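Take a look at the structure set out below.
Lettering of chains follows the sequences in order, A, B, ..., and the numbering in each one begins at 1. What you see is a predicted model; the values in this text were computed from it and never measured.
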Amino acid sequence: MPLGESPLKKKKIAFGEETGKFVILLIISFILIFIDSLGILKPVYAGVSFVSAPFQYYFSETRGFVQEFTYTFTNIGSLTGEISDLKKENVKLKAKIAKLEQYQRDAEDLRNQLGLDQLKDFELVEADIVGGDPSGTVSKFRINKGERNGLKVGMSVTYQGILVGKVEEVYSTISMISFLNDLESKVVAVNARSGHQGIVHGSLRGLIMEDILQKEDIKEGDKIVTLGDLYPRGLLIGTVQKIESSSTSSKKTAVLEPSVDYSRIDKVFIITNFLPEEISGVNTE
Amino acid sequence: MKLYQLTLLIISVALTQTSVFYLNLGGFGVNWVLILAWILYLNYTRDDAFYMAFFGGLLSDLLRLEGLGITSFSLLIPLLIFLAFDLSVKLKETPLKYLALFLGIAISHMLIILASFIFGDISTLEAGFIQSQVVIVVAEWLIISTFTAVREIFFPDFVKYS
């Protein structure tokens, strides 16, 4: 050791040499996080999404196949019994069909009353859900359609004719959508029976309709549909399950039962010929 | 490890991690970049471990199209803390490393959530999320510690200190 150099100093230098290059990697990571949060890296993501789209489709198909195979394999013993049950059920179903035809006619009358005839005028793009949030922290999902298919941010996402969410981000061949049960989701809605309005938003309890005046007529079983601001008018959102009111508040809250189980959706339809006015630039005056 | 071997390993692990995402395993997919980085640290060389954490994390973030840098940042912090203890008290040579490993994995997951809250598009946590994260931390710890313990028993001379 050279005269005058302390062992402690030498140890510090060795420590710095060991950790220095790793600290640089850490700083680069932090800078990348910051740059990404500014949205500067969108073109990079767009390029990667273009390359990875076929792989996403492959994984999506594989997932479906594995789920189907697992179900068949684990239930093979009960399939024979199921066939017998299905035959019996088939007879019952035929009887039900006759009833349903009557209900269908009633439903057509209701659709006309609610102004839902415009549904048939929508242009729909079918999309498969190919990925979910890896950490499970938000209700956002990736679909296998993007800008090339005519998708734009803000477009309404439907499933079996029911409003389930909207398009959040669009890349060339894929997009991100969020469901209505996302905690940041808000929809101006209306009670299809009474015509009273309110705001529907996502919560940990499901869909909640707020800002309903105490005097307003709302009851369990009422259908809630979109009013027509950010989403097309008259799309079904859910059914009133429970009404909560407080003597200290001038307003009451309704808990809605979504018309579809969001966790089971694997395919959605995007309405491409309706965009919110603020996004499409239509002057309302 | 030779450069081409490490490169292939990083690409394979990042692709595996991305496939966990695209197969929609949601909250039940373990972080394979984290697992490989810690396995390399405890059983091979620390240089390879840090490069795996950095490049593997970046590549998997890039392939899942969000939060670039969050994974590598969250993996590097606990690795650096572990390294600091390792250099001062030779932590890697004591059984205490298993406890430190558990804490390191937990810190990584907390940092990923925190960074996603601050810089990403996460604003709320769904019910049951914390439970699923605890399950993932334990699963990752079991994989890494089992691998390390088996290696120490059957291949005690395999370790190459960097």
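For A:Val44, the part lying near chain B is the side chain, with the backbone staying farther off; criterion is any non-hydrogen pair under 4.5 Å. Contact annotation for B:Leu58: only side-chain heavy atoms (C-beta onward) come within less than 4.5 Å of a heavy atom of chain A. The contact between A:Leu41 and chain B is made entirely by side chain atoms (from C-beta outward), counting heavy-atom distances below 4.5 Å. At a 4.5 Å heavy-atom cutoff, the contact between B:Phe50 and chain A is made by backbone and side-chain atoms alike. Residue B:Leu62 touches chain A through both its backbone and its side chain, counting heavy-atom pairs closer than 4.5 Å.
With respect to chain B, the highest number of heavy-atom pairs below 4.5 Å among A:Ile27, A:Ile31, A:Ile33, A:Leu32 belongs to A:Ile33.
Within 6.0 Å of CZ in A:Phe34 there are 12 or fewer heavy atoms belonging to other residues, nucleotides or ligands. Around the NZ atom of A:Lys252, the shell of radius 6.0 Å holds more than 12 heavy atoms that belong to other residues, nucleotides or ligands.
Heavy-atom minimum distance, A:Tyr231 versus A:Lys186: CE1-O, 4.1 Å.
Annotation: cation-pi pair B:Lys92/B:Tyr41 present, NZ/CZ under 6.0 Å from the ring centroid and within 45° of its normal.
Side-chain N/O atoms of A:Thr239 and A:Glu257 include no donor and acceptor closer than 3.5 Å.
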